[in-house]
Protein chains: 2
Amino acid sequence: MAKSESSGDTGRPWQSYHTVYTNAKAGMEGVDKEKVQRIVYEMSKGSKYFENEERKEAYIKQKIENMQDQIAKLTDADISHYQKVADKRILELEATRDLTRIWLHVDMDAFYAAVETLSNPSLNGKPMAVGSMSMISTANYEARRFGVRAAMPGFIARKLCPELIFVPVDFKKYTHYSDLTRKVFQNYDPNFMAASLDEAYLDITNACYERDATGGEIAEELRKSVYEETGLTCSAGVGPNRLLAKVCSDINKPNGQFVLPNDRMAVMAFISSLPIRKIGGIGKVTEHLLRDAFGIATCEEMLQNSGFLCALFSRSSADFFLSVGLGLGRTDAPEVKLRKSISNERTFSATDDEAFLYQKLADLAEMLSVDMKKEGLCGRTLTLKLKTASFEVRTRAVTLQKYIFSSEDILKHASKLLKAELPISLRLIAASMGYWSVCSLLTDQITELWNFKF
Amino acid sequence: MAKSESSGDTGRPWQSYHTVYTNAKAGMEGVDKEKVQRIVYEMSKGSKYFENEERKEAYIKQKIENMQDQIAKLTDADISHYQKVADKRILELEATRDLTRIWLHVDMDAFYAAVETLSNPSLNGKPMAVGSMSMISTANYEARRFGVRAAMPGFIARKLCPELIFVPVDFKKYTHYSDLTRKVFQNYDPNFMAASLDEAYLDITNACYERDATGGEIAEELRKSVYEETGLTCSAGVGPNRLLAKVCSDINKPNGQFVLPNDRMAVMAFISSLPIRKIGGIGKVTEHLLRDAFGIATCEEMLQNSGFLCALFSRSSADFFLSVGLGLGRTDAPEVKLRKSISNERTFSATDDEAFLYQKLADLAEMLSVDMKKEGLCGRTLTLKLKTASFEVRTRAVTLQKYIFSSEDILKHASKLLKAELPISLRLIAASMGYWSVCSLLTDQITELWNFKF
DNA sequence: ACAACATAC
DNA sequence: GATAGTATGTTGT
DNA sequence: CGGCAAATA
DNA sequence: CATTTATTTGCCG
Ligand SMILES: Nc1ncnc2c1ncn2[C@H]1C[C@H](O)[C@@H](COP(=O)(O)OP(=O)(O)OP(=O)(O)O)O1
Ligand SMILES: Nc1ncnc2c1ncn2[C@H]1C[C@H](O)[C@@H](COP(=O)(O)OP(=O)(O)OP(=O)(O)O)O1
Ligand SMILES: [Mg+2]
Ligand SMILES: [Mg+2]
Ligand SMILES: [Mg+2]
Ligand SMILES: [Mg+2]
C-alpha cells in the first residue's frame, strides 16, 4: 500500500501545490510546465495564502478519503442496486437527447488583453497581462508562453516573464467591445445567450436553415464578422448542445473553431476520451475527487462508474455526471433571467482596526446602494462576507422583514453582523443583497422618494 | 397613584434616560437640552451599554421605593426620637463651624482642551474635544454649546456637532502644564492641596494677611499669575471652607471667580436655595434618592428633613447631609496623604477567548508592576475587576500573607481569580493592588533586587 | 434560512 | 510587499 | 475582608 | 463600530 503512489515525499514538493492557474489552458502548449510549477511554488511557499491553500487541500484529501471509505463499505447488494438505478437513469437521460438543434459557443481570444492591444497597438507582439502585481485578469498569448495566466498574481507572473507588461483593468473598454460583438451575435440568433462579457451561446439552427449553411460555415462567417466589426479574434465551437459547444470552442483556440456533428456516434466518440476537467462545471476539486475516489479521468468513465456515482452523490450531481458521460447538454431556448444577487467586495491589507473596518463597510454599503438604485432593486437578505488575515472566508447573513436598498439600512444591518465577529483581523469585506422574489422591484413610491434626493 | 408622574409612557422616552453627561455644567447655558437628550437617547438605544443603564436605573428605583417604604413605616415615636438625635447632632456640628480660615479653590477651564489649543493654536475658536470616538475626556466651550461634554462617547458628540474636532489624549502635556500651575499655587499656599491635575485647594488665610488683601483680590492675582505663567485661564472660588470654595469656583466659570464671605448669615443665605447636586459628593443617584424619597432638592431642605435623614442613613452619611445643610466643610490643614491603591485597566472588544483574556491580564500585571516599582510600593491585597460583555462589573479580591510587587506574583494570583470566573465574555479587565499599612514600602533588599535589573 | 464550498470569467 | 471581484449553484444543517 | 455602588476628574 | 481610566469612599454582610 505505502509502496505505490509515493510521489510528493521525494523532494519535488512543488508537484503537490495545485492552483487554478497551474492548469492546461489554450496557449500553454510549448510551456515548461515543471519549471512554471516550481517557480509558482517557490514564490508562494510560506505565505498566508499558501498556508490556507494547504489547509484547503488537506480538507479535500479528507473528503476524498471519506468517499473512498464509503465506496469500500458498499455491499454487493448495494452495488447491484445502484447499478440498476443508474442504468434506468441513463435510459431516461438518453431519452431526453435532442439532436435537432445546432448550438454555437463563441469566446473571444484573450479578451481584455486583445482590447488593450487595440487601444495601444505598441503592445502588439509583446508579452502583456491585464491586472496588477496582486492579480492578473488575463494575459495575451505571448505571455502565456511563459506560463502567465489569468488568476495568477502579478508578482509571480513577473518572475516567469520579467519583460511582462502590465496594463490596468479598464472595464469600460471591455463592455464597449463586448457590445460590438453582441451586435454581431444578434444577426445569427436574436435570442443569443450572453454568458459573460466575452462569450455567448447562439442557437444557429435557424441561421443554418435560412442561409442554407453548415454550422462550420456559420461559425466562419460569424468570426469574420466579429473581426471586421471589432478587430478582435474569437474562437467558436459548434455542437448539438451548449455543454458540447463550449468544449468545442476551446479546442482550436485562439482564432479557430471546431464542429461536432449532430450525430450520436460522433458525440460518443468525441466524449469518450475527453478529460472531465474540460467540461464546464467540473473544476479542480471534482476532478481530483473523481480521479482519486473512482479512477475517473475521462467522460466515458463516468458511464463505466455510473452505479458508484449514483450511490455516492445526490440526484442532481449524479444526473450531471451521467449526462456528461452521455454527451448531453441543454438545448432549450434561453429564458430571460433576472439577477439573484448583487454584491461588492474589497481587499485591503489585513487589519483589526475597527474604525478602518467600519469605514470599509460603510464604503461598500454606499457603493452597493448606488448599484441597487441603478437597477431599481430592493432586497431582503443581506450577506456579509469576511476574509480573515489567514484567508479563511466567512459569511454571515440576515433576512429582514422589510425590503431595503438605502446605504443607511445596509450599513445598519451589516454593522451588526460585523460587530458580532469582532475582534477580528480582516483582509476583505464584502456586502451582498439578494432575495427579491418578484415583488421586490422598487415600488414607484419608493423610487420617487429617493429620486427626490437628487 | 397611577395618575401622577405618568411621564415616560407618553411618547418621550428619552426624558427618562439620564447619563452623567446629560447634566448642567459650566458652558451649557444656551443649549437645547431637549434636543441633546433626544439625540443621546437615539444613539444609545438598543446598545448593550444602554441595556445595562436601564438595569441600573431599575435597581435604583427599587432602592428609592424601599426607602419610601421605610419612611412610611416610621412611627410618630420614631420620628420625634430621630428629630431629637438630629437636632442634637446639628448643634454639635454647628459647634465645629470654623470661620477663621479663608479657602480658595482653583479649577482650570476646559483643562485638557485648553492645553491642546496652546499646542495647536489653529484649534482656537473651533469646537473641539479631547478623546476618541469611544470616549471624550473634555470639550472646549465652543463644543459645549452643542451639548458636547466630558464622559460622552465621541460618536454621540459627533452627532451633536458634526464639525467637532477630535484631539487624542496626551497626558504628558497636561502634567507639564499642571506642574506650571502648581508653581503658582505654591506662592499663595506652600501647603496647597492638589485635588487633581487641574484643581487645587489653597488656604489663603496667611496670604491675605501678609499681603493685606481680600480673598477676592488674592484670587484675581492668582488667576492672573496662572495665566501669565501658562497662557491658561482658570476659575476660583473663595469661602470659609473647602466644600464651599469648590461650589464657588464653579459659579463664574470660565475665567471667573466668586467670593463667599466668612460670615454665617452669608453662608446660610448662599446655601439655602443651592441645589444639592452642586455639592461635591452628591451625584446623580443621591440627588434622585433625596428628591424622590424626601423631596429634598436644595441644601436648606437637608435641615428641614434632618430627622428623616438621621433615621434612614448611617451616621457618616447623615452627618455629611446635615453639614451640607449648614454650609459646613473641612478647614483643617491638609495632611500628607499616601495613595491607598494603584490600578490599571483596559477595555477591549468583548471576547471569551481565554488565551486573549489571559494575555490582557498578563499585560496589566506587567504594567502594574512597573508602576509599583516606580513608586517603590509593595501591596498585599490584589483586586481583579471584570466588566462583562453586558457591562456588568465584578470584583474579586485576595489578601495575601506576603507583600508583592512583581508582575509574576501579580499575574499568578490574578490568574487564579480570573480562572474561577471562566468561562466568561469580558470587555474590560483591571488589576489593582492595595493595602500597604506603612511597612509596605519596598524594603531595601528588594529595591536592590529589582534595581539590578536596570 | 444560513454557511461553507465549488465553479466560472 | 503583494494571491481580485462578481455571480451562481450545490450540499448539509 | 470582599463585593458592590457611587462619585469625581 | 464605538460608552474611559484611576482613585477614593461608604455600606453591607
Ligand atoms: N479568474 C479569471 N479567469 C478567466 N478570466 C478572467 C478571470 N478574471 C477575469 N477574467 C476576464 C479576463 C478575460 O479576458 C475574460 C474572458 O475570460 P476567458 O474567456 O476565460 O479568457 P480570455 O478571453 O482572456 O482568453 P481565452 O478565451 O483566449 O483563453 O474574463
Ligand atoms: N469623566 C472623565 N473622564 C476622564 N477624564 C476626565 C473626565 N472628566 C474630566 N476629565 C479630565 C479632563 C478635564 O480637562 C480635566 C479637568 O476636569 P474638569 O475640571 O471637571 O473639567 P474641565 O477643566 O475640562 O472643564 P471646566 O473645569 O472648565 O468645566 O479632567
Ligand atoms: Mg475568452
Ligand atoms: Mg470566456
Ligand atoms: Mg477644570
Ligand atoms: Mg477639575
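Residue numbers start from 1 in every chain, and the chains themselves are labelled A, B, ... in the order their sequence lines are given, proteins ahead of strands. Note that the structure is predicted; figures quoted are calculated from it, not measured.
Inspection of the B:Ser235 and B:Asp109 side chains reveals an N or O donor paired with an N or O acceptor under 3.5 Å.
Across all strands, A:Phe171 comes closer than 4.0 Å to no nucleic acid atom at all (heavy-atom distances). When heavy atoms are screened at a 4.0 angstrom cut-off, A:Ala355 is found touching base atoms of the nucleic acid. As judged by a 4.0 angstrom heavy-atom cut-off over every strand, A:Lys246 is placed among residues touching the sugar-phosphate backbone only. Heavy atoms of B:Leu428 sit under 4.0 angstrom from primed sugar atoms or phosphate atoms, though from no base atom. Residue A:Gln359 is out of contact with every strand shown, counting any heavy-atom pair closer than 4.0 Å. Heavy atoms of B:Leu417 sit nowhere under 4.0 angstrom from any nucleic acid atom. Among the atoms of the strands shown, none is found under 4.0 Å from any heavy atom of B:Leu382. Among the atoms of the strands shown, none is found under 4.0 Å from any heavy atom of A:Lys360. Heavy atoms of A:Leu384 sit nowhere under 4.0 angstrom from any nucleic acid atom. Within the 4.0 angstrom heavy-atom criterion, no nucleotide atom of any strand lies near B:Gly154. Using a 4.0 Å heavy-atom cutoff across all strands shown, A:Gly280 reaches sugar-phosphate atoms only and no base atom. Residue-level contact check: A:Phe356 touches neither bases nor backbone, having no heavy atom under 4.0 Å from any strand. Nucleic acid contact for A:Val398: sugar-phosphate only, since backbone atoms but no base atoms lie under 4.0 Å from a heavy atom of the residue.
The partner of F:dT4, taking Watson-Crick or G-U wobble pairs whose two distances both stay under 3.5 Å, does not exist in any strand shown. Summarising the base pairing, D:dT8 is matched to C:dA6 through a Watson-Crick or G-U wobble pair whose two defining distances lie under 3.5 Å.
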Report the C-alpha separation of A:Tyr174 and A:Asp198 in whole Å, then their side-chain angles, then the decisive distance to 0.1 Å, and conclude whether the side-chain contact (heavy atoms from CB on, under 4.5 Å) test is met.
CA-CA 8 Å; A:Tyr174 317 139; A:Asp198 95 317; over 6 Å; no

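In this entry the distance linking CD of A:Gln62 with C1' of C:dA4 reads 16 Å, nearest Å. Taking atom NZ of residue A:Lys387 and atom P of nucleotide D:dG5, one finds them 8 Å apart after rounding to whole Å. Taking atom CD on A:Glu53 and atom P on D:dA4, their separation rounds to 10 Å, with Å as the unit. In this structure, the CZ atom of A:Arg55 is 14 Å from the C1' atom of D:dT3, given to the nearest Å. Distance, B:Phe155 CZ to F:dA2 P: 7 Å, rounded to whole Å. Summarising the geometry, the separation between CG on B:Asp198 and P on F:dA6 is reported as 18 Å, rounded to the nearest angstrom. Here D:dT6 presents its P atom at 15 Å from OH of A:Tyr174, a figure rounded to the nearest Å. Taking atom NZ on A:Lys48 and atom C1' on D:dA4, their separation rounds to 18 Å, with Å as the unit.
Taking the six-membered ring for Trp, A:Phe348 and A:Phe356 have ring centres closer than 6.0 Å. B:Phe111 has its ring centre no less than 6.0 Å from the ring centre of B:Tyr177.
B:Leu164 and B:Arg158 get closest at one heavy-atom pair: CD2-N, 4.4 Å.
Each of A:Ala151 and A:Lys56 has a nearest nucleotide on DNA chain C; the 5'-most of these lies closest to A:Lys56. Annotation: of the two residues near DNA chain E, B:Ala397 and B:Ile282, the 5′-most nearest-nucleotide partner is B:Ala397.
Residues passing the side-chain contact (heavy atoms from CB on, under 4.5 Å) test with B:Glu199, sequence neighbours excluded: B:His105, B:Asp107, B:Ala195, B:Ser196, B:Lys246.
Contact annotation: A:Thr347 reaches the phosphate of D:dG5 (side-chain N/O to OP1 or OP2, under 4.0 Å). A sub-4.0 Å separation between OP1 or OP2 of C:dA8 and a side-chain N or O of A:Arg277 is present. Between A:Thr286 and C:dT7 there is a side-chain polar atom (N or O) within less than 4.0 angstrom of OP1 or OP2. An OP1 or OP2 oxygen of C:dC9 is reached within less than 4.0 angstrom by no side-chain nitrogen or oxygen of A:Arg149. Taking 4.0 angstrom as the limit, A:Lys25 places none of its side-chain polar atoms (N or O) nearer than this to OP1 or OP2 of C:dA8.
At a threshold of 4.0 Å, the pair B:Glu375-B:Arg339 counts as salt-bridged, since one of the basic side-chain nitrogens sits closer than that to a carboxylate oxygen. A salt bridge links A:Glu53 to A:Lys56: one of the charged nitrogens lies within less than 4.0 Å of a carboxylate oxygen. Salt bridge present: A:Lys45 and A:Glu42 bring a charged side-chain N and a carboxylate O closer than 4.0 Å. With salt bridges taken as basic N to acidic carboxylate O contacts below 4.0 Å, none links A:Asp250 and A:Lys253.
In this structure, the nucleotide among F:dT4, D:dT3, C:dA6 sitting nearest to the side chain of A:Tyr59 is C:dA6. Of all nucleotides listed (C:dT7, D:dG5, C:dA6), D:dG5 comes nearest to the side chain of A:Arg346. Comparing D:dG5, C:dC2, F:dA2 against the side chain of A:Lys419 picks out F:dA2 as the nearest.
Protein chain B contacts DNA chain E from E:dC1 to E:dA9, reading 5' to 3' and using non-hydrogen atoms of the protein with a distance under 4.0 Å.
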Along nucleotides 7-13 of chain D, 5' to 3', which nucleotides get a B, which get an S, and which get a -, given that the test is a protein heavy-atom distance under 4.0 Å?
SSSSS--

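Side chain of B:Lys159 to main chain of B:Val40: no donor-acceptor pair is present (N/O by atom type, distance under 3.5 Å, no hydrogens or angles). Although no hydrogens or angles enter the test, the distance criterion places a donor-acceptor pair under 3.5 Å between the side chain of A:Arg380 and the main chain of A:Leu400.
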